[in-house]
Amino acid sequence: MYRTHNCGELNKKHCNSIVKLSGWVHSIRLMKKITFIDLRDFYGITQLLIPTIKINIKKEYVIQIIGKVVKRKFPNFNINTGDIEIYVKKIKILNKSIKIPIDINKEYNKNKVKLFKYRYIYLRNLNLKNNLIIKSKILNIIRKFFIINNFLEIETPLLVKSTSEGARNFIVLYRKKLGYYYSLPQSPQTFKQLLMIGGIDKYYQIVKCFRDEDARKDRQPEFLQLDLEMSFINRKNIFNIIIKLIKYLLYKIHKIKFINIKILSYKNIIKKYNTEKPDLRYKVYELNNNKFKYNINNKFLNYKIYGLILPNYFNIVGINKDVIINLLKNKINKILLYNYKNNIINKLDNKVFNKIKLIKELINKEFFSNKDLLLFLILKKNKYYKTIKNKINNFLLKSKYLNNIYIPIIIYKFPLFKYKNGKYYSYHHPFTKPYNNKLKNNLADSYDLIINGIEVGSGSIRIDNSKMQNKVFKILGLSNNKIKKEFSFFLKSLKFGTPPHGGIGIGIDRLILSLLNKNNIIDFIAFPKNYLNKDLMIKTPSKIKNIKI
RNA sequence: GGUUUGGUAGUUCAAAUUGGUUAGAAUACGUGCCUGUCACGCACGAGGCUACGGGUUCAAAUCCCGUCCAAACCGCCA
C-alpha cells in the first residue's frame, strides 16, 4: 500500500495518528537541525517535518513517508492541511527526478515552446491541473443533462469520406490501395442526420472533430464538440433545449439562478454591433460607419467622428463614466459620452454638438436601451480609433466587475448563401433548411449560440427533402457528377421517409472559455498543438518514409 | 500563404551611449550557515559561442541577407 491518506485531506482530527503518504517533493526548507518538505500530490500539499538535515532528496522526487500527524505551532492558513504537519519517521525514495527544465509554478506567456515540449511536467502546474478538473466537471454536467432529457449517446465513425464543402480535411492513407485515403470528420453532420432518418429521436455525442486550418487561441486542429440532433422539432424547440442547457450549466457551475437569454435576428445584430458575435457585457463596437463617419467642415476640418457603443455599460456595477474619460484623456481631442435617456455627459462646443444631434437622429432608437453608453470620439487620425477600442476593451476585460456576468444570446435568421468571387457559398452549411422553406429570401433556418462574445456553437434545421437538397447543391455550383460522387447515398437516404429534424454543434472548449471568462483554449487541453498544428512533444507530423501496401 | 514583432544563463526578464572595457538581475541549481520555515533568510559558487549560417567592418548580441523557431493578427475556420 502506497498511502493511507492523500496530501490534501489531513486536518486536526487526525492528530496523533500514524499515516503513510506518497507524492512529489514540492519544496525543501532546511533549518539548522530540521528540514521541512512540502509534499504534493493531486489533492494538495502536506508539510513534512524531518528531524534531520541529512537527507538525499531533491525537488520533484517521488517519495513515500510514514509519520505521525501533529498539530502545527504556527498554522498556515493558505492550504487545507495548514493546521497539521507530519513528524516523519521513515522516508523511502520511490523515484528520482533529474533537474526540471521548466518552472512549474510560473505562468508562461511568450516562448511557449518549452511548455509544449515538456507538457507532461507542466501538468503539475496548479492552474493547469485545476483547469482540467473543471473541464471534467463540465463534461459530467453536460452528460447528466442529456441523460435527464432522454438523449441517446451514439458514436459515429472517425474514418470517413472527404467532402468538397467546408474546411480542409485531414487525410489518412488507405493501406490496401495506393492513392486512396480516408478523411477525418469536421463534424458528424451526415451521420447524425442519418441517425434521425434511422428513427433515433434524440441523439448527442461528445466527440473529437478535426479541421485542417491554422490554430488560434480559441481554435485547435482537433477539438471536442458537443453534437446533438433531434427529430420532429422546429427551431423554437431547439432554442428551448439550448437555453435549458446553458441555464443548467450556469446554475451548476456558478449557482446563477436567473438569466435571460435573448434571441435576436442576424440583421439587427449586424446593424447594431457591426459584428456577428457581440459581447453584450461590455464590448466596444464601431457603430455602422456609413452613418457615423463625418467630416466637420469648419473648425474640425480633417477630424472625424467615430461612434462606439458599450452595451449594458450602466448595468456594470462599479464602473462610472469618469473611468472611461480618464482612460482616454491624453489620446483624443474630444470625447462625448451619450446615454439614451438624453443625458449628455460632458459638454462640447455647440458646433460639434449640432453634428452629434444630426447623428442622434440617424440612430434607430429601438436598438439602444438606456443602459447602453454611446461614445463619440472626435479624432484626427483613424489609427487612434483601434487603439482606443483596444484600450477600452482591455480595461473592461481586466476589471473584476465583469467576472460574474454572462450574457448568452441566440442569433437566428442568418443568410442562406453568401456570394463571393462569383460563387455562392453556404453561410452555415449546405444541409441547412431555407427559412420557411423558401429559397428566394436567402434566409436560413440556422442559429448561433454566443456567450460573452465567444461563438460557442451553431446549428440549423436541416433539409429533409431530397429535391430541395439537390437544388441547394446546384446553387452552390456542384456538378451533377460531383453530387453523385459525394452525396448520392445521402440524397437517396432523404427519400425514405425523413422526419423533420435539426440540431446544433457546440464547441466544448469554447463553451468552457466563455463560462469561465478565460481566453486561451490550450489552457484547457492536456496535450495541445502549437499554432502550426505541430505537437512539439511527440514531434508530429513526421515524415513518411515508405508506404507499404 | 501574408503582415508585424521577437529569439540573451536551466527558467523569467533586463541592459549594452544609434557597432567599442568583463552581457546583468531575480529565480532555479551547487556548497556552507541559520529550531519553526511555509514566496524562509544569509554568504559564497557554478551557468552565456547572445537561435543557426553567411556578409559588411579594425571591431557585430547590435547593421544586412538567408534558415529555423515563437507570439499576435489577416487569409482560412461549411
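Just so we're on the same page: letters track the sequence lines, and every chain starts at 1. Please read these numbers as outputs of a predicted model, since none were measured by experiment.
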**Message:** Aromatic contact between Phe473(A) and Phe490(A), with the criterion being ring centroids under 6.0 Å apart: yes or no?
**Reply:**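 Centroid distance Phe473(A)-Phe490(A): not below 6.0 Å, so no.
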Which whole number of Å gives the distance between the [atom1] atom of [N] and that of [M]?
| N | M | atom1 | result |
| --- | --- | --- | --- |
| A61(B) | G54(B) | P | 14 Å |
| G6(B) | A14(B) | C1' | 15 Å |
| G2(B) | G24(B) | C1' | 38 Å |
| C44(B) | U4(B) | C1' | 46 Å |
| A43(B) | U62(B) | P | 36 Å |
| C40(B) | U21(B) | C1' | 39 Å |
| U57(B) | A72(B) | C1' | 36 Å |
| A23(B) | C49(B) | C1' | 13 Å |

**Request:** Could you check if the base of G47(B) is syn or anti? Syn means the glycosidic torsion is within 90 degrees of 0.
**Result:**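 Here the answer is syn: the torsion falls within 90° of 0.
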Report the distance from atom [atom1] of [X] to atom [atom2] of [N], rounded to the nearest whole Å.
| X | N | atom1 | atom2 | result |
| --- | --- | --- | --- | --- |
| Lys529(A) | A71(B) | NZ | P | 15 Å |
| Ile98(A) | G10(B) | CD1 | C1' | 11 Å |
| Lys539(A) | C68(B) | NZ | C1' | 14 Å |
| Ile50(A) | G36(B) | CD1 | P | 16 Å |
| Phe116(A) | A70(B) | CZ | P | 9 Å |
| Lys33(A) | G32(B) | NZ | P | 18 Å |
| Glu85(A) | C38(B) | CD | P | 13 Å |
| Leu39(A) | U37(B) | CG | C1' | 16 Å |

With a cut-off of 6.0 Å (strictly less than), are more than 12 heavy atoms of other residues, nucleotides or ligands near [atom1] of [X]?
| X | atom1 | value |
| --- | --- | --- |
| Ile538(A) | CD1 | yes |
| Asn76(A) | CG | yes |
| Asn130(A) | CG | yes |
| Phe489(A) | CZ | yes |

Using OP1 and OP2 only, check whether a side-chain N or O of [X] sits under 4.0 Å from [N].
| X | N | result |
| --- | --- | --- |
| Lys99(A) | U11(B) | no |
| Asn530(A) | A70(B) | yes |
| Lys534(A) | C69(B) | yes |
| Arg29(A) | C40(B) | yes |

**Message:** Could you work out, with salt bridge (charged side-chain N to carboxylate O under 4.0 Å, His left out) as the rule, every residue matching Lys117(A), not counting sequence neighbours?
**Reply:**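 Scan of Lys117(A) (salt bridge (charged side-chain N to carboxylate O under 4.0 Å, His left out), adjacent residues dropped) gives none.
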**Salt bridge flag under 4.0 Å for residues Lys518(A) and Asp523(A)** =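 Result for this pair is no, no salt bridge flagged.
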**Asked** Is a salt bridge present between Asp445(A) and Lys433(A), judged by a nitrogen-to-oxygen distance below 4.0 Å?
**Response**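 Salt bridge absent between Asp445(A) and Lys433(A).
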Would you classify [X] as touching base, sugar-phosphate or nothing, given that sugar-phosphate means primed atoms plus P, OP1 and OP2, and contacts are heavy atoms under 4.0 Å?
| X | answer |
| --- | --- |
| Thr432(A) | nothing |
| Gln220(A) | nothing |
| Phe77(A) | nothing |
| Leu532(A) | sugar-phosphate |
| Leu30(A) | base |
| Leu536(A) | sugar-phosphate |
| Lys117(A) | nothing |

**Prompt:** Where the side chain of Arg219(A) meets the backbone of Asp214(A), is there a donor-acceptor pair that is under 3.5 Å apart?
**Reply:**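 A pair under 3.5 Å: yes.
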**Asked** Side chain of Asn76(A): nearest nucleotide among C29(B), C38(B), U37(B)?
**Response**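 Within the option list, the nearest is C38(B).
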**Message:** Rounded at 0.5 Å granularity, tell me how far CD in Gln225(A) sits from CZ in Phe223(A).
**Reply:**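 It is 5.5 Å, given to the nearest 0.5 Å.
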**Dot-bracket notation for RNA chain B, counting Watson-Crick and G-U pairs under 3.5 Å, with | for partners on another strand** = (((((((..((((......[...)))).(((((.......))))).....(((((..]....))))))))))))....
**Side-chain donor-acceptor contact under 3.5 Å, Ser514(A) with Asn452(A)** =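 No, because no side-chain N or O of Ser514(A) sits under 3.5 Å from a partner of the opposite role on Asn452(A).
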**Request:** Classify the angle between the aromatic ring planes of Tyr424(A) and Phe417(A) as parallel (below 30°), tilted (30 to 60°) or perpendicular (above 60°).
**Result:**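 Geometry flag for Phe417(A) against Tyr424(A): perpendicular rings.
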**Prompt:** Quick one: on RNA chain B, does Tyr427(A) or Lys58(A) contact a more 5' nucleotide (nearest heavy atom)?
**Reply:**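 Nearer the 5' end of the strand: Lys58(A).
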**Complete:** Each nucleotide of nucleotides 72-77 of chain B classed B (base within 4.0 Å of a protein heavy atom), S (only sugar-phosphate) or -, in 5' to 3' order, makes -SBBBB
